[in-house]
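Sharing a structure with you now.
Every chain is numbered from 1, with letters handed out A, B, ... down the list of sequences.
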Amino acid sequence: MASERYNPRTAEPKWQKAWAEAQLFETKTEAAGEKYYVLEMFPYPSGRIHMGHVRNYALGDVVARYKRAKGFNVLHPMGWDAFGMPAENAAMQNKVHPAKWTYENIETMRKQLKSMGLSLDWSREFATCDVEYYHRQQMLFLDMLDKGLAYRKKSKVNWDPVDMTVLANEQVIDGKGWRSGADVEQRELIQWFFKITDFADDLAAALDHLPNWPEKVRLMQKNWIGKSEGLMLRWALAADTAPEADAEVTVFTTRPDTLFGASFIAVAADHPLAAKAAESDPALAAFIAECRKTGTSAEALETAEKKGYRTAFEAIHPLDDSWRVPVYVANFVLMEYGTGAVFGCPAHDQRDLDFARKYGLPVKPVVLPPHEDPVAFSVGDKAYTDDGAIYNSDFLDGKTPDEAFEAVAEKLEATPLFGAPQATRKVNYRLRDWGVSRQRYWGCPIPVLHCPRCGVVPEKRQNLPVELPKDIDFDKPGNPLDRHPTWRKATCPQCGGDASRETDTMDTFVDSSWYFARFTAPHADEPTEPAAANAWLPVDQYIGGIEHAILHLLYSRFFVRAMKVCGHLDLDEPFKGLFTQGMVVHESYRDGREWVAPADVRIEEIDGQRSATRISTGAPIEIGGIEKMSKSKKNVVDPDDIIASYGADTARWFVLSDSPPDRDVIWTEAGVEGAHRFVQRLWRLVTETAEKLGGAGQSVAPGDTGLARDIRKLAHRTVAGVGDDIERLAFNKAIARVHELVNQLASAFGKLDVGDAGQAAAAREALSMLARVIAPMMPHLAEALWDELGEAGLAAAAPWPSVEASLLADDTVTLPVQINGKKRGDLTMPASAGKSDIEAAVLSLDFVSAALAGQAPKRLVVVPGRIVNVVV
RNA sequence: GCGGGUGUGGCGGAAUUGGUAGACGCGACGGACUCAAAAUCCGUUUCUGGUGACAGAGUGUCGGUUCGAGUCCGACCACCCGCACCA
């Protein structure tokens, strides 16, 4: 019966089953059609999906379903980013094995995702904690080791002495471990690194060739890589101040053009020269110790005052050996960047200026701003960092800073100091190599052995995988692999003697750096099947949160380069198109200090004043801000509840409506209800009209006049518009168009004459188009409508409707007519009317001749198809 | 501090990139149907003045370019995001 309400609870599982049985979404690499790879960032199996997932996967599914309808061979896989700390935390807290916890979560979340009706190829599913997956990751590691892209070095880490583990920077809060609350120590450990800096230049340069990435993300990555070109510049220390002959200090500078403005050298507290000076100066030793202390808490640096300590050393100016500058140890110089030493030019660097003012050092300007008088110009408390003309600088006078840079570089490259060039050109990056060692259990074991005779030895490929032991205890802090009774014991592949396994596991960012490649051949013995990887990659449209703008995306870009070097694929960039979606946010509610979940709150509006009460007690509740859904603020809405009461289509439609997908979307109960009303309205419109039509209009060509033509125009225009909008990922606009179509069809169908075969056929065509146009967004309802309309097959397999171009053009155009730029009326003309026809018609309009009052217009602007402006 | 972005009705947001500002949705108000309610349908809804046709103002603020500016240019204000002693 057509008058029945649409019931998603019964309809949605039915269609999901039909899709699965038809294996509609299982992709064959060799199938017909141009390839299109849509991927959303795979989820961490935390337990349940949240609204952010719903939005992310709804966005991707629209693209996947639309492209499929357009005839592309679409790859749209799903998997699980399944290694990581929460599983270990759960193990410690609930005595459940990380594997069991993880796989149970995956089970739950897979079911939830399936209830969304996503067009995913589940046959390619994997979790990164599957042995089959991390086995191949270990192969990659060995390949990278072989190519010199993985190596070990000593590095400082944040060490939590209570949990006995290494913490990431984000896990250190105010110098304390986020879990234990213990003071975090800086420890030097030998760690594994990937040589991402080998590709620093390419990673930065290639960003310019990713036009389908958000500008913002490209910029963030560029800043992160932080390329700067400069000189390594050696300064001799004056022999009478230095403890040994030929002593020198090397600085890195990007501004050799300001060398004549130098007034001091500053070295980091950890610099060898500082240590040397401190040997004979206890006060300096104390200063260095103080720097180290404040150095650990990163937040303190922000406000920390620039402090320095003057050593006895003096350096000789590279361009004037009669000129000496003092050497300071300063708290603002970083040992990790450049050489750990800088020369200060206070006039043209704010930081150097602050320092110079504090210690009374000379401030000599050497770059003259345009239109400034060289005699009068001086620097106050603001350094001049812009372009200008070099002056006060001997042979550099009159040059631009760029020219002066070159001149200094050339001269000093050719000047020997203690038998080597005084300066060499050098490109420095902010980017550091990627430390991948984690002292944890639930990660991919690093497949190497430590042999007392042979040292660090890679495990043999045929001995892989190095599997995680299953019998593990989390009773004690520290890495369970370290204290496992037998797991570490192994045989050295080189000498056959006893050796012990590496107990570090890999950062989980490694797992997610190549999963998109694995999806192209998820069951291959090798990490990839190069032919499949090359056929499918790059990912045409990648969709995920902005929070991964830097690390995940940069690491993936690095991995593709490393995998190319190792012969696993032949690809320059992993993601051709990137889209970063906004968050799902919700109003928060609180009762005093306690946060209250939206489900427990009733909202009322009286005279425009919204107020909230707790449903159970009737107590008033304070309405808080609109914030990211989070458990701590309890402003979460469970997708399961929404799908159970409204259906997946309503949830999908809602998260796609209104807000542009790159902005935050505010979840509101009223909005969901509006979406659900629309679902029902569509159902009613289609079923009632179909019933009215009966068999009328079947296998008849739609009419081309009157109402039939009007109906066809509406439908064809919507198809064209929605297609454009989806291509541009403007789903909110696509939805507005569908609303418009439904509003207009509803009114047109009111006048429908079922006896007119042309009209009936036009109505049929419009409804069939409507079903296909909503299919990417509301796939279940689309199937139900498709079925009601008596169409063959599944809507999900139906091609995108083709548009008749003749129906997009108008026969007449209505031009707004302005007088002096203000709209005063309309003029309707045949679309074919020329400029002179329009001019004549405009001048004969009543309100135009009234405004002209017999005068000729000063100007008559006619933009055909757009507007007319009469200037009087 | 540096870099980037955004400011449009009560709210989320449109505006074909210089051409009718406010599409579409939410909310609100009015009406129809109903004994009544829900659901549904129809209408109104930027502000000010007017019963009204209509008039005036209006896209953060001030100025400019243009026949015409939400859109371009300059200055300022507010908010958001990223980076932060990177030499």
Side-chain angles (χ1 to χ4, degrees), chain A residues 5 214-224 226-228 230-231 233 251-255 258 266 268 298 301-306 330-334 336-345 349-352 354-355 382 385 428-432 546-547 549-550 605 607-608 610 626 653-654 657-660 662-666 668-675 677-678 680-681 684 721 724 730 732-743 746-747 750 814-826 857-863 865-872:
Chain A
R5 280 169 70 79
E215 185 61 44
K216 182 189 165 88
V217 174
R218 286 188 286 168
L219 212 106
M220 281 164 75
Q221 291 214 354
K222 217 162 224 178
N223 291 340
W224 185 265
K227 180 179 179 175
S228 55
L231 289 187
L233 178 57
V251 304
F252 176 71
T253 177
T254 57
R255 293 298 301 271
T258 64
L301 286 175
E302 220 167 285
T303 45
E305 198 187 344
K306 284 170 192 39
N331 64 350
F332 66 85
V333 181
L334 305 173
E336 298 82 46
Y337 188 79
T339 60
V342 300
F343 86 79
C345 175
D349 182 290
Q350 192 58 46
R351 196 188 36 205
D352 294 346
D354 295 345
F355 190 80
K382 194 131 175 70
T385 52
N428 237 320
Y429 298 93
R430 208 190 78 108
L431 182 71
R432 315 277 160 79
I546 185 78
E547 66 273 20
I550 297 176
E605 186 165 330
D607 295 332
R610 279 159 39 86
I626 294 169
W653 189 254
F654 175 76
S657 302
D658 288 356
S659 291
D662 53 341
R663 283 197 223 171
D664 291 350
V665 62
I666 303 172
T668 63
E669 197 57 25
V672 181
E673 276 165 14
R677 265 202 305 274
F678 188 69
Q680 296 297 345
R681 187 164 180 228
R684 232 180 299 118
D724 284 352
N732 56 323
K733 289 191 236 170
I735 282 178
R737 270 184 220 277
V738 174
H739 274 287
E740 257 172 331
L741 175 65
V742 168
N743 289 343
S747 105
T814 300
L815 297 172
V817 178
Q818 298 180 329
I819 290 169
N820 291 338
K822 283 203 193 295
K823 192 199 164 194
R824 285 295 124 105
D826 292 309
K858 270 196 195 137
R859 191 163 173 182
L860 189 55
V861 182
V862 176
V863 185
R866 285 253 192 255
I867 203 162
V868 177
N869 192 8
V870 185
V871 185
V872 299

For this session: Taking side-chain hydrogen bond (donor to acceptor under 3.5 Å, both in side chains) as the test, write out the residues that go with A:K227, two or more places apart.
Result: A:D201

For this session: Please check the phosphate of B:A87 (OP1 and OP2 only) for any side-chain N or O of A:S228 closer than 4.0 Å.
Result: yes

For this session: With sequence neighbours left out, write down each residue that passes ring pair (Phe, Tyr, Trp, His ring centres under 6.0 Å) with A:Y429, or none if nothing qualifies.
Result: none

Problem set entry | Test ring pair (Phe, Tyr, Trp, His ring centres under 6.0 Å) applied to A:F654 - qualifying residues, sequence neighbours left out | A:W667

Exercise. Atom CZ of A:R859 to atom P of B:U66: distance rounded to whole Å?
Worked result: 10 Å

Problem set entry | A:I867 CD1 - B:G18 C1' separation (whole Å) | 10 Å

Seminar exercise, completed: Side-chain contact check for A:L219: nearest option of B:U20, B:C85, B:G3 is B:G3

For this session: Starting at the 5' end of nucleotides 38-49 of chain B, put B wherever the base has a protein heavy atom under 4.0 Å, S where only the sugar-phosphate does, and a dash everywhere else.
Result: --SS--------

Problem set entry | Distance, nearest 0.5 Å, that separates CZ of A:F678 from CH2 of A:W653 | 5.0 Å

Exercise. Taking OP1 and OP2 of B:A55, is either one under 4.0 Å from a side-chain nitrogen or oxygen of A:K823?
Worked result: no

Exercise. Pairing of RNA chain B as dot-bracket, 5' to 3': ( ) intra-strand, [ ] crossing, | other strand, . unpaired, with Watson-Crick or G-U pairs under 3.5 Å?
Worked result: (((((((..(((......[....)))((((((.......))))))((((....))))..(((((..]....))))))))))))....

For this session: For nucleotides 10-15 of chain B, just jot down a letter per nucleotide in 5' to 3' order: B, S or -, based on protein non-hydrogen atoms under 4.0 Å.
Result: --BSSS

